[in-house]
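One structure is given here, and the rest of the page talks about it.
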Amino acid sequence: MKICIYGSGAIGGYLGVRLHQAGAEVSLVARGAHLAAMRENGVTLLMGEERTVVRPRCTDNPADLGPQDYVVVALKAHSVPGVVPAMQPLLGDHTAVVTAVNGIPYWYFYGTGGAFDGRILETVDPDGAQWHGLGPQRAIGCVVYPATEVVEPGVIQHVYGDKFSLGEPDGSRSERVTALSQAMEAGGLRAPVLDRIRDEIWLKLWGNLCFNPISALTHGTLEVICGDTETRAVAKAMMLEAKEIGDRLGVHFRVDVERRINGAAAVGAHKTSMLQDLERGRPMEIDALLSVVQEMGRMVEVATPTIDVVLALVKQRGETAGCYSRPVPAAPAVPEVVAAQ
Ligand SMILES: NC(=O)C1=CN([C@@H]2O[C@H](COP(=O)(O)OP(=O)(O)OC[C@H]3O[C@@H](n4cnc5c(N)ncnc54)[C@H](OP(=O)(O)O)[C@@H]3O)[C@@H](O)[C@H]2O)C=CC1
Ligand SMILES: CC(C)(CO)C(=O)C(=O)O
């Protein structure tokens with residue numbers, strides 16, 4: 001089984017180590033000092049007292065690797081559209097693309113039926129670069145639950161969790177999703193195949209869409225945000241707006257909002273990834289976690305007043321810190337009447 005992990009940082013590196021240990025032919029696409037260290041010293045995974053070093057193929061040139069059975073995209077959401085051209089040599093006739101990225105994926109409305117079937121989400125997939133360049137038919141959904149970190153180039157620290165939920169957009173138990181799940185389980189991960197992967201995407205997103213921007217604005221940990229009645233109320237208001245949108249799109253939320261907030265509180269004094277990105281001066285995943293919910297709200301005509309306010313504030317926070325830039329809208333065509341004047 002040939003698997004390329006595109007974006008082998010914290011999550012991709014962890015997954016790559018486990019799949020390599022399971023005997024898959026794993027290639028890691030990475031860059032910079034992290035790539036150099038992995039090439040020189042192998043990929044190190046620190047997990048409790050355990051230190052594992054493996055030596056999969058590592059490159060910054062996907063063209064060296066050729067067509068794969070699976071390409072696991074483990075980049076930050078905003079990095080994906082830009083690498084679609086470079087991914088082309090990895091894509092054969094039967095290559096599956098596994099989206100191990102937080103937020104709503106580009107393929108969300110593939111095969112959903114109804115009014116939005118085939119809809120491209122501009123906030124996550126501007127101009128449909130992923131829809132057209134990767135193809136929604138290749139997609140396997142993946143919800144990432146573990147927390148991991150690149151603590152130094154080439155070294156990944158596991159923090160908690162081992163579950164990567166998988167699912168075909170049409171809910172089928174295809175050969176490709178079953179085989180991937182088995183390979184991941186052979187590597188010691190939990191990889192359940194779900195028949196309603198979109199429900200699970202929303203459940204994860206439900207937390208990310210409120211805790212991440214609130215933390216970036218307040219610098220509060222999950223414990224602080226959930227424990228303070230006022231920020232907890234803001235989070236709850238955002239979640240209820242999102243739930244109304246999800247409900248209209250046929251999503252089933254298997255826990256209620258209070259239980260979801262209590263689950264996040266139990267994680268404790270943890271800084272969300274968006275706060276970590278802000279503190280480190282790295283691009284923030286705002287569009288795939290928030291702008292897309294606003295976009296979907298407009299599609300189903302659900303007002304999102306709290307999400308709108310928090311989104312406006314966190315975009316500006318990101319911009320002033322140099323960690324976010326608004327997608328540039330395509331230039332409007334010049335109306336003929338103006339052009340003629
Ligand atoms: N880390 C975590 O605990 C969790 C992460 N997630 C989600 O998983 C996804 C991946 O996150 P995470 O692993 O933390 O992110 P990382 O930034 O650690 O990993 C992405 C890697 O891809 C590299 N990269 C970016 N662009 C390119 C490129 N053009 N060519 C080659 N390599 C490239 C990055 O390099 P560089 O650093 O130079 O940009 C980085 O090493 C995100 O959507 C995140 O929200 C979900 C749950 C938990
Ligand atoms: C910690 C948690 C669960 C917050 O929503 C997360 O997924 C993140 O930091 O991105």
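Just follow the structure's listing: the first ligand is 1, and inside any ligand the first atom is 1. Just so it is clear, the model here is predicted, and its values are computed rather than measured.
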For [X], take its heavy atoms, then give the atoms of ligand 1 lying under 4.0 Å from any of them.
X      : value
Ala74  : 10 (C), 20 (C)
Val101 : 43 (O)
Asn102 : 6 (N), 7 (C), 43 (O), 44 (C), 45 (O), 46 (C)
Leu75  : 9 (C), 10 (C), 22 (O), 24 (N), 25 (C), 26 (N), 27 (C), 33 (C), 42 (C), 43 (O)
Val144 : 46 (C), 47 (C)

**Item:** Proximity winner for atom 14 (O) of ligand 1, if only heavy atoms of Gly12, Ala77, Ala10 are counted
**Value:**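 Considering heavy atoms of Gly12, Ala77, Ala10, the nearest to atom 14 (O) of ligand 1 sits in Ala10.
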Please work out whether any backbone atom (N, CA, C, O) or any side-chain heavy atom from C-beta onward of [X] is under 4.0 Å from ligand 1, and answer side chain, backbone, both or neither.
X      : result
Val83  : side chain
Ala147 : both
Ser273 : neither
Arg282 : neither
Lys204 : side chain

Under a heavy-atom criterion of less than 4.0 Å, does [X] contact ligand 1?
X      : value
Pro146 : yes
Ala100 : yes
Asp60  : no
Gly32  : no

Is it true that [Y] and [X] share a donor-acceptor pair across their side chains at a distance under 3.5 Å?
X      : Y      : answer
Asp117 : Tyr110 : no
Thr59  : Asn61  : no
Thr304 : Glu241 : no
Ser27  : Glu25  : no
Glu285 : Asn102 : no
Thr95  : Gln68  : no

**Asked** Mind checking what makes side chain to side chain contact (heavy atoms under 4.5 Å, CB included) contact with Ala321, not counting sequence neighbours?
**Response**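 By the side chain to side chain contact (heavy atoms under 4.5 Å, CB included) rule, Ala321 matches Leu278, Arg317, Cys323.
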**Cation-aromatic face contact Lys163/Tyr145, 6.0 Å, 45 degrees** =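 That pair qualifies as a cation-pi contact.
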**Request:** Would you kindly check if the NZ (Lys) or CZ (Arg) of Arg198 is within the cone defined by 45 degrees around the ring axis of Tyr108 and under 6.0 Å from the six-membered ring centre?
**Result:**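 Relative to the ring axis of Tyr108, which defines the angle, Arg198 lies inside both limits.
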**Prompt:** So does Asp162 pair up with Arg190, basic N to acidic O under 4.0 Å?
**Reply:**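 Here Asp162 pairs with Arg190 in a salt bridge, since their nearest N and O are under 4.0 Å apart.
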